[in-house]
There are 2 protein chains.
Amino acid sequence: MEAELTSDIARQPLTRPTEDYLKAIYQLSNDGGLVATTDLALVLGLAPASVTGMIKRLSEQGLALHERYRGVRLTHEGRRIALRMLRRHRLIEAYLVGFLAYTWDTVHAEAERLEHAVSDDLIERMAQVLGHPIFDPHGDPIPDAHGRFAEFVHVPLADVAAGETVTIRRADTRDDGRLRFLAAEGLVPGTVVTVIARQPYNGPSSLEVGGERRIVGHELATMLLCSRGT
Amino acid sequence: MEAELTSDIARQPLTRPTEDYLKAIYQLSNDGGLVATTDLALVLGLAPASVTGMIKRLSEQGLALHERYRGVRLTHEGRRIALRMLRRHRLIEAYLVGFLAYTWDTVHAEAERLEHAVSDDLIERMAQVLGHPIFDPHGDPIPDAHGRFAEFVHVPLADVAAGETVTIRRADTRDDGRLRFLAAEGLVPGTVVTVIARQPYNGPSSLEVGGERRIVGHELATMLLCSRGT
DNA sequence: ATTGAAAATTAGTATGTACTAAATTCGTTT
DNA sequence: AAACGAATTTAGTACATACTAATTTTCAAT
Ligand SMILES: [Mn+2]
Ligand SMILES: [Mn+2]
Ligand SMILES: [Mn+2]
Ligand SMILES: [Mn+2]
């Protein structure tokens with residue numbers, strides 16, 4: 001009930017960079033396809049040459065498969081570890097918001113460090129006092145101890161037709177300024193929103209939110225992922 | 001009110017080994033005197049040659065003063081950081097026991113990692129929900145944000161004369177087996193104990209604890225630090 | 001088919017931290 | 001004073017991770 005996220009092969013503890021690379025590769029390859037070196041370098045804030053070197057090491061460790069000049073993808077083992085890190089990251093975010101009065105715009109940086117330092121025991125204790133949540137404060141799904149999580153089909157608010165009513169489920173950004181703004185506008189997961197109108201050419205959407213009128217620009221409307229209905 | 005533990009000199013973030021060395025040097029040099037390379041190597045679980053190398057680096061960074069072939073001691077800046085780490089370590093221990101049902105025999109390993117990963121902000125939030133405690137679960141004092149903490153003169157239970165009544169204040173070991181045993185025997189900080197008798201030649205002490213009779217060996221009696229009276 | 005730009009890799013270097021083995025220094029004992 | 005053992009340092013090596021500069025590969029445009 002906890003061993004699932006621990007390999008049977010005895011492996012030396014992974015380093016923090018290793019864990020961050022695996023997480024980043026997983027997230028850049030939603031479809032399971034190849035991830036480009038430069039994309040990885042971009043999200044990790046590293047030089048492409050550094051990424052190439054690390055990919056080589058990940059391959060040697062059996063965590064990734066490298067197709068030279070093409071890209072990289074995770075092995076089963078690499079994906080297992082990536083999902084373990086995602087569980088840790090998101091549970092930590094949920095815990096900080098739930099028990100230490102963090103807001104959703106400040107949790108990411110803290111979780112980015114803590115995810116490498118907490119024990120499995122601590123993670124499961126946090127999960128327990130939280131009541132085993134399945135979404136983090138941004139609406140991202142929290143994988144269970146087996147690495148499984150619910151997948152939902154969400155529609156960007158920017159694609160919702162005028163007249164339709166939807167419920168916000170995720171905020172797909174980790175920029176703290178945008179997150180603060182969205183929270184101030186009341187556009188957070190769980191909120192029911194009706195699209196009143198939308199201007200063309202990537203224009204703003206007029207919304208009805210809890211009886212009030214709101215306007216949200218196209219960029220942010222793209223980041224608000226919704227499900228149909230209330 | 002928080003900047004005190006952050007230097008005005010812009011310094012690159014310290015590494016985990018650096019923080020652990022500084023903490024260890026501080027703790028081995030209660031009197032402020034020199035700390036021997038081998039002692040440091042022993043508590044850190046490293047080869048003496050490795051310690052020599054690190055001491056050199058700490059000196060170059062202005063965190064320690066090295067008297068070759070004699071030993072090492074901390075600079076002001078090094079001591080400031082050591083106290084900051086001690087605050088972190090002990091607050092984390094207190095938090096885990098207070099809010100996540102950890103026991104005093106399991107918190108040390110977790111805190112040893114987390115102390116390097118938490119932000120100042122998180123530490124102060126933990127302090128706040130704990131009510132700014134001044135002792136950790138083992139009775140060790142928690143430095144405040146300025147690095148100050150209460151010093152008490154404690155007597156090892158092994159030195160308390162028969163007939164005297166004392167209150168246990170600290171358990172001076174981090175061995176989890178010993179800590180579990182002491183907790184099972186009810187010998188934890190806050191407990192009032194009367195020494196009934198003691199056998200010579202480092203023999204066991206007979207105690208009265210909460211109306212019950214207890215016997216504790218010399219080794220453990222040395223680790224239980226007490227204050228006179230109830 | 002050639003070519004040129006973008007992407008990726010290699011080559012070479014740096015830093016921090018650890019190790020073992022060899023050399024040096026210190027303090028004590030003779 | 002000399003010699004010895006313990007403590008310490010030096011020398012040389014390894015590993016993980018990052019960098020820049022130079023080179024190679026890929027692919028789309030001509
Ligand atoms: Mn991270
Ligand atoms: Mn999140
Ligand atoms: Mn530590
Ligand atoms: Mn403690």
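Just so it is clear, the structure is predicted and the values come from calculations on it, not from any experiment. Throughout, a chain's letter reflects where its sequence line sits, starting with A, and its residues are numbered from 1.
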Decide, yes or no, whether a salt bridge links [X] with [Y] under the criterion of side-chain N to carboxylate O below 4.0 Å.
| X | Y | value |
| --- | --- | --- |
| E112(B) | K23(B) | yes |
| E115(B) | R16(B) | no |
| R84(A) | D120(A) | yes |
| R88(B) | E19(B) | no |

Less than 4.0 angstrom between a side-chain N/O of [X] and OP1 or OP2 of [N], yes or no?
| X | N | value |
| --- | --- | --- |
| T15(A) | dT17(D) | yes |
| R16(B) | dA18(C) | no |
| T38(A) | dA8(C) | yes |
| T37(B) | dA6(D) | no |
| R68(B) | dC26(C) | no |

Starting from [atom2] on [N], measure out to [atom1] on [X] and report it in whole angstrom.
| X | N | atom1 | atom2 | value |
| --- | --- | --- | --- | --- |
| E19(A) | dA16(D) | CD | C1' | 14 Å |
| I55(B) | dG16(C) | CD1 | P | 17 Å |
| L40(B) | dT17(C) | CG | P | 14 Å |
| K56(B) | dA18(C) | NZ | P | 15 Å |
| L42(A) | dA7(C) | CG | P | 11 Å |
| H66(A) | dT25(D) | NE2 | C1' | 12 Å |
| L44(A) | dT17(D) | CG | C1' | 13 Å |
| L14(A) | dA16(D) | CG | P | 12 Å |

Does the structure place the NZ or CZ of R90(A) under 6.0 Å from the centre of the six-membered ring of F135(A), at an angle of no more than 45° from the ring's axis?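 The answer is no; the distance or angle limit is not met.
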Is the charged tip of R169(B) near the ring of F152(B): under 6.0 Å from the six-membered ring centre and within 45° of its axis?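 No.
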Fit a plane to each ring of Y95(A) and Y95(B), take the angle between them on a 0 to 90° scale, and name the class: parallel (under 30°), tilted (30 to 60°) or perpendicular (over 60°).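 Ring orientation of Y95(A) relative to Y95(B): perpendicular.
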Enumerate the protein-to-nucleotides 18-22 of chain D contacts in which both atoms are nitrogen or oxygen and the separation is below 3.5 Å.
{"unit_1": "dA18(D)", "atom_1": "OP2", "unit_2": "Y21(A)", "atom_2": "OH", "d": "3.3"}
{"unit_1": "dC19(D)", "atom_1": "OP2", "unit_2": "A47(A)", "atom_2": "N", "d": "3.0"}
{"unit_1": "dC19(D)", "atom_1": "OP2", "unit_2": "S50(A)", "atom_2": "OG", "d": "2.3"}

Supply the atom-to-atom distance D175(B) CG to L220(B) CG, rounded to the nearest 0.5 angstrom.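 Output value for this atom pair is 9.0 Å.
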For residues 33-40 of chain A, please give each side-chain donor-acceptor pair under 3.5 Å, one per line with the distance, not counting sequence neighbours.
none

Indicate, with a heavy-atom threshold strictly under 4.0 Å, whether T52(B) touches base, sugar-phosphate, or nothing.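 Base contact.
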Nucleic acid contacts of residues 111-119 of chain B, taken as heavy-atom distances under 4.0 Å to DNA chain C: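 Contacting residues: none.
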